[in-house]
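Worksheet: the structure to be examined is printed underneath.
In this chain, numbering begins with 1 at the start of the sequence shown.
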Amino acid sequence: MLSPEQENIIKNYYRYYKTFPLSGAVELHTGGISWIMPKKGEKGPAIAFDLKLDPQTAQREIDGFISSIQQGSAPRQLIVTPDAGPEDIIRLLKASGFTDLGGDEPGMLLYRDDFTPRFDAAGSITCREVRSKEDFAVWIDIVNAALHGWEMIDAKRYYTWVLNGTYRFYLGEVGGVPASTAATILNGDTASLEFVSTLEEYRHRHAASSLCSKAIAGLFEQGARTVTLSGSADAVRLYEGLGFCGYFNNIIMRYGQADV
């Protein structure tokens with residue numbers, strides 16, 4: 001049985017992936033296995049993120065998903081969260097040709113009372129909210145370079161996010177140079193922290209902790225009671241320093257060999 005914290009993290013995790021189709025460049029497929037996939041000729045994330053299979057038909061649905069992968073209409077990579085079913089889903093996936101990539105992603109949650117803001121004491125970090133198309137283009141460039149390593153999303157397609165009051169975007173400058181990003185998604189009294197990244201040459205200067213502190217403070221000012229995230233293992237110390245606690249690790253899998 002999942003804890004309330006785990007349920008909250010997973011709910012926000014799914015909501016994050018469902019924001020990409022708002023761009024018009026990505027399609028959302030829902031079913032026993034849900035996924036997002038760029039439309040033909042478009043760029044964007046491709047990943048399966050919600051597995052709810054009937055134990056009686058699970059293998060048949062996995063086989064159908066693999067067929068879609070082979071046809072190029074479904075992503076090779078998927079993430080297994082603690083609510084995935086059936087209970088032996090990992091065994092079924094491995095037996096069907098999926099490989100565990102390792103480097104599991106921690107699911108974390110922060111309560112308002114545990115929040116410990118960490119701003120740059122030297123005052124060399126400037127944090128501000130992104131509103132203009134020009135600033136959003138800078139934000140996108142940093143995210144693509146520092147977080148994704150390729151041009152996964154573009155400013156023109158995704159500016160619709162900025163116009164949506166549910167999302168907020170933040171840009172951090174180190175000595176006046178844009179270097180760090182963060183974003184938040186608010187839903188009632190819960191929210192998530194997303195797109196935390198810093199250009200490699202500006203890391204370890206407290207840009208991420210300062211920017212995350214500003215973004216999280218903004219969420220609590222808006223009435224959020226909890227903030228969740230699904231980050232990378234090497235960022236756990238950053239988030240723990242802000243007051244987040246880990247509640248599970250997602251399992252990342254890929255159809256075929258890990259290096260394909």
Side-chain angles (χ1 to χ4, degrees), residues 12-28 34-49 69 72 74-79 81 99 101-108 130 133-162 164 167-174 177-185 192-204 207-208 211-212 215 228-236 238-239 249-256 258-260:
N12 286 341
Y13 184 71
Y14 292 162
R15 182 176 292 111
Y16 161 74
Y17 279 111
K18 291 177 180 178
T19 65
F20 286 93
L22 296 177
S23 68
V26 175
E27 291 183 324
L28 171 66
S34 296
W35 68 80
I36 52 175
M37 190 83 174
K39 295 179 180 178
K40 187 175 181 179
E42 299 284 359
K43 297 179 181 179
I47 193 165
F49 57 90
I69 292 173
R76 289 183 176 274
Q77 189 160 306
L78 58 80
I79 296 186
T81 46
T99 302
L101 298 184
D104 297 340
E105 294 187 346
M108 308 184 78
V130 170
K133 291 182 179 179
E134 292 75 17
D135 277 351
F136 188 61
V138 173
W139 185 94
I140 287 284
D141 286 343
I142 295 173
V143 166
N144 283 335
L147 191 61
H148 302 306
W150 65 289
E151 294 183 8
M152 191 183 80
I153 53 181
D154 67 85
K156 183 177 181 180
R157 286 282 197 176
Y158 286 88
Y159 188 67
T160 182
W161 282 350
V162 180
N164 188 317
Y167 316 118
R168 287 189 173 183
F169 300 85
Y170 297 88
L171 192 60
E173 296 181 348
V174 179
V177 179
S180 191
T181 66
T184 61
I185 303 175
S192 63
L193 179 67
E194 311 287 356
F195 293 106
V196 177
S197 73
T198 303
L199 294 173
E200 187 172 1
E201 60 269 34
Y202 293 99
R203 291 172 187 172
H204 310 296
L211 195 60
C212 288
T228 71
L229 63 85
S230 180
S232 59
D234 59 3
V236 167
L238 162 67
Y239 299 129
N249 283 336
N250 293 317
I251 300 172
I252 307 168
M253 307 190 77
R254 181 181 176 89
Y255 182 66
D259 58 353
V260 172

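Every residue was checked against the ring-ring contact (aromatic ring centres under 6.0 Å, His included) condition with Y202, not counting sequence neighbours, and none meets it. Annotation: side-chain hydrogen bond (donor to acceptor under 3.5 Å, both in side chains) contacts of Y14 (sequence neighbours excluded): D50, K52, T81, D83. For S232, the side-chain hydrogen bond (donor to acceptor under 3.5 Å, both in side chains) partners at least two apart in sequence or on another chain are D234. Take R157 and apply the salt bridge (charged side-chain N to carboxylate O under 4.0 Å, His left out) test, not counting sequence neighbours, and it matches E42. Qualifying side-chain contact (heavy atoms from CB on, under 4.5 Å) partners for M37, counting only residues two or more places apart in sequence or in other chains: W35, A46, P75. Take D141 and apply the side-chain contact (heavy atoms from CB on, under 4.5 Å) test, not counting sequence neighbours, and it matches no residue. For the side-chain hydrogen bond (donor to acceptor under 3.5 Å, both in side chains) test, no residue two or more places apart in sequence or in another chain qualifies with T184. Residues satisfying the side-chain contact (heavy atoms from CB on, under 4.5 Å) test with E173, not counting sequence neighbours, are T126, R128, P178. Residues passing the side-chain contact (heavy atoms from CB on, under 4.5 Å) test with S230, sequence neighbours excluded: Y13, E105, N250.
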(request) For L193 and T228, run side chain to side chain contact (heavy atoms under 4.5 Å, CB included): C-alpha distance rounded to whole Å, both residues' side-chain angles, the deciding distance at 0.1 Å, then the answer. (result) CA-CA 6 Å; L193 179 67; T228 71; over 6 Å; no
(request) Kindly indicate, with the supporting measurements, whether the criterion side chain to side chain contact (heavy atoms under 4.5 Å, CB included) is fulfilled by N12 and I185. (result) CA-CA 8 Å; N12 286 341; I185 303 175; over 6 Å; no
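M152 places none of its side-chain heavy atoms less than 4.5 Å from the side chain of Y158. Looking at L101 and Q77, their side chains come closer than 4.5 Å, going by heavy atoms from C-beta outward. The shortest side-chain heavy-atom distance between S197 and I142 falls under the 4.5 Å cut-off.
Contact between L22 and N164 at its shortest, heavy atoms only, is CD1-ND2, 4.4 Å. Taking each heavy atom of W139 and A182 in turn, the nearest pair found is NE1-O, 3.2 Å. Heavy atoms only, all atoms of each residue included: G44 and V26 are closest at CA-CG2, 4.3 Å. For the pair A137 and A155, the tightest heavy-atom approach, listed with the atom from each and the gap, is CA-CB, 3.7 Å. The shortest non-hydrogen separation linking K43 to E151 is CD-O, 3.4 Å.
Relative ring orientation between W161 and F195 is described as tilted, the plane-to-plane angle lying within the 30° to 60° band.
For E200, the CD atom is loosely surrounded, since the number of other residues' heavy atoms within 6.0 Å does not exceed 12.
Side chain of K39 to main chain of G24: a donor-acceptor pair is present (N/O by atom type, distance under 3.5 Å, no hydrogens or angles).
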